[in-house]
Amino acid sequence: MAVSTPKARDGHRVSRALHLTTPRPLTETPAARYVWAIARLALGWVFVWAFLDKTFGLGHETPASKAWVDGGSPTAGFLKNSPEGPFAGFYNDLAGQAWADWLFMIGLAGIGAALVLGIAMRAAAAAGALLLFMMWTAVLPPENNPFMDDHIIYAIVLVGLALVSAGNTLGLGRWWGETALVRRFPVLK
């Protein structure tokens, strides 16, 4: 096959630039960014709601009489009664301990706030995945499947949210990433 180079009227060669375009990954399309952002907000609400319900006894899972602000323990009921399997004794020992209550509630509030705001997504994914994994181990084996349940699925989604920078859409992720603190300590992104 012969390839000819076009010449201009004055006899000089004309260069043609070959423009190659590569498609953007699907996670960068506007539709995908919004789906991930909505998933982030939805999962954030799961954590925020758990925090609010346990703190104020809003009556969904926590009756008003067992609200944390009224002296109830957010860990006592579940960790005393629900754990099964190889870690039941470990979780029964944690039930109702003040330090466990505080860590659990700080975790719920922090992870929920980070997801709703779209900031500190890496930290939220790591802390959330750890919390969810621990909740999964408390009820081994899961009721409806040999090993898989919603805790593991939520943990996987949390990691995915961080990997695709889901906080940048419908959130403060871009702004957060440009702060001096995050530039100095990128792990906070």
Side-chain angles (χ1 to χ4, degrees), residues 16-62 67-69 74-75 78 98-139 142 145 147-189:
R16 286 190 180 159
L18 182 61
H19 296 287
L20 296 176
T21 59
T22 55
R24 290 185 310 179
L26 289 177
T27 56
E28 293 178 11
T29 64
R33 285 195 320 267
Y34 282 100
V35 166
W36 279 108
I38 292 167
R40 184 195 88 235
L41 291 166
L43 193 51
W45 176 246
V46 169
F47 283 92
V48 168
W49 174 256
F51 172 79
L52 293 173
D53 187 48
K54 290 175 186 333
T55 300
F56 301 110
L58 300 176
H60 191 268
E61 293 294 321
T62 307
W68 195 33
V69 296
T75 62
F78 177 77
W99 66 268
D101 289 344
W102 277 94
L103 281 177
F104 179 64
M105 295 301 281
I106 289 168
L108 289 177
I111 295 161
L115 290 171
V116 169
L117 295 173
I119 62 173
M121 293 297 297
R122 293 176 185 173
L130 176 62
L131 179 62
L132 290 160
F133 178 75
M134 290 180 71
M135 292 170 82
W136 174 75
T137 62
V139 292
N145 193 290
F147 70 93
M148 186 62 67
D149 79 348
D150 57 331
H151 296 97
I152 298 299
I153 294 167
Y154 283 169
I156 293 167
V157 171
L158 272 173
V159 172
L161 292 170
L163 290 175
V164 299
S165 300
N168 292 354
T169 303
L170 300 178
L172 302 174
R174 266 186 234 290
W175 168 81
W176 176 255
E178 296 300 319
T179 62
L181 178 68
V182 175
R183 283 191 309 228
R184 185 168 180 197
F185 303 105
V187 71
L188 297 175
K189 189 173 185 179

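The first residue in the sequence is number 1, and the count goes up from there.
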Asks: Nearest 0.5 Å please: distance from the OG1 atom of T137 over to the CD1 atom of I152.
Replies: 9.0 Å
Asks: When L172 is tested against each of V116, I119, T179 for side-chain contact (heavy atoms from CB on, under 4.5 Å), which residue passes?
Replies: I119
Asks: Tell me, with the steps shown, if W68 and W102 meet side chain to side chain contact (heavy atoms under 4.5 Å, CB included).
Replies: CA-CA 10 Å; W68 195 33; W102 277 94; 3.8 Å; yes
Asks: For W36 versus V157, what's the shortest heavy-atom pair and its separation?
Replies: CZ3-O, 4.2 Å
Asks: Return the CG to CH2 distance between L181 and W176, rounded to the nearest 0.5 Å.
Replies: 5.5 Å
Asks: So, taking the atom named CE in M134 and the one named CG in L103, what distance separates them when rounded to the nearest 0.5 Å?
Replies: 9.0 Å
Asks: If only atom types and distance count, is the side chain of R40 paired as donor or acceptor with the main-chain N or O of T169 below 3.5 Å?
Replies: yes
Asks: Treating R183 as the side-chain partner and E178 as the backbone partner, does any N or O pair qualify as donor plus acceptor under 3.5 Å?
Replies: yes
Asks: Just so I know, are the side chains of R33 and N168 near enough to count as touching, which here means a heavy-atom distance under 4.5 Å?
Replies: no
Asks: Minimum heavy-atom separation for A124 to A114, with atom names?
Replies: CB-CB, 3.7 Å
Asks: Show the nearest heavy-atom pair for residues P74 and D101, with the distance to one decimal.
Replies: CD-CG, 3.4 Å
Asks: Shortest non-hydrogen contact from L115 to L41?
Replies: O-CD2, 4.5 Å
Asks: For a quick test of reading the model, state the closest non-hydrogen atom pair linking H60 to W49 and the distance between them.
Replies: CB-CZ2, 3.7 Å
Asks: Please determine whether the number of non-hydrogen atoms from other residues, nucleotides or ligands lying under 6.0 Å from atom CZ of F78 exceeds 12.
Replies: yes
Asks: For P142, is there any backbone N or O sitting under 3.5 Å from a side-chain donor or acceptor partner on D149?
Replies: no
Asks: Donor-acceptor check, side chain of T62 to backbone of G59, threshold 3.5 angstrom: yes or no?
Replies: no
Asks: State, with a plain yes or no, whether a side-chain heavy atom of L132 is found less than 4.5 Å away from one of F47.
Replies: yes
Asks: Can you tell me how far apart CG (L188) and CZ (R122) are? Round to the nearest 0.5 Å.
Replies: 9.5 Å
Asks: Determine, step by step, whether F51 and M105 satisfy the side chain to side chain contact (heavy atoms under 4.5 Å, CB included) criterion, reporting the C-alpha distance in whole Å, the side-chain angles of both residues, the deciding distance to 0.1 Å, and the verdict.
Replies: CA-CA 6 Å; F51 172 79; M105 295 301 281; 3.6 Å; yes
Asks: Working to the nearest 0.5 angstrom, can you tell me the gap between R174 CZ and S165 OG?
Replies: 8.5 Å
Asks: Specify the closest pair of heavy atoms between G118 and M121, including all atoms of both residues, with the distance to one decimal.
Replies: O-CG, 3.9 Å
Asks: Would a distance-only check, ignoring hydrogens and angles, find a side-chain to backbone donor-acceptor pair under 3.5 Å from W136 to F147?
Replies: yes
Asks: In Å, rounded to the nearest 0.5 Å, how long is the span from CG of L158 to CD1 of I153?
Replies: 12.5 Å
Asks: Evaluate the side-chain proximity of I111 to V48: yes if any heavy-atom separation is below 4.5 Å, no if none is.
Replies: no
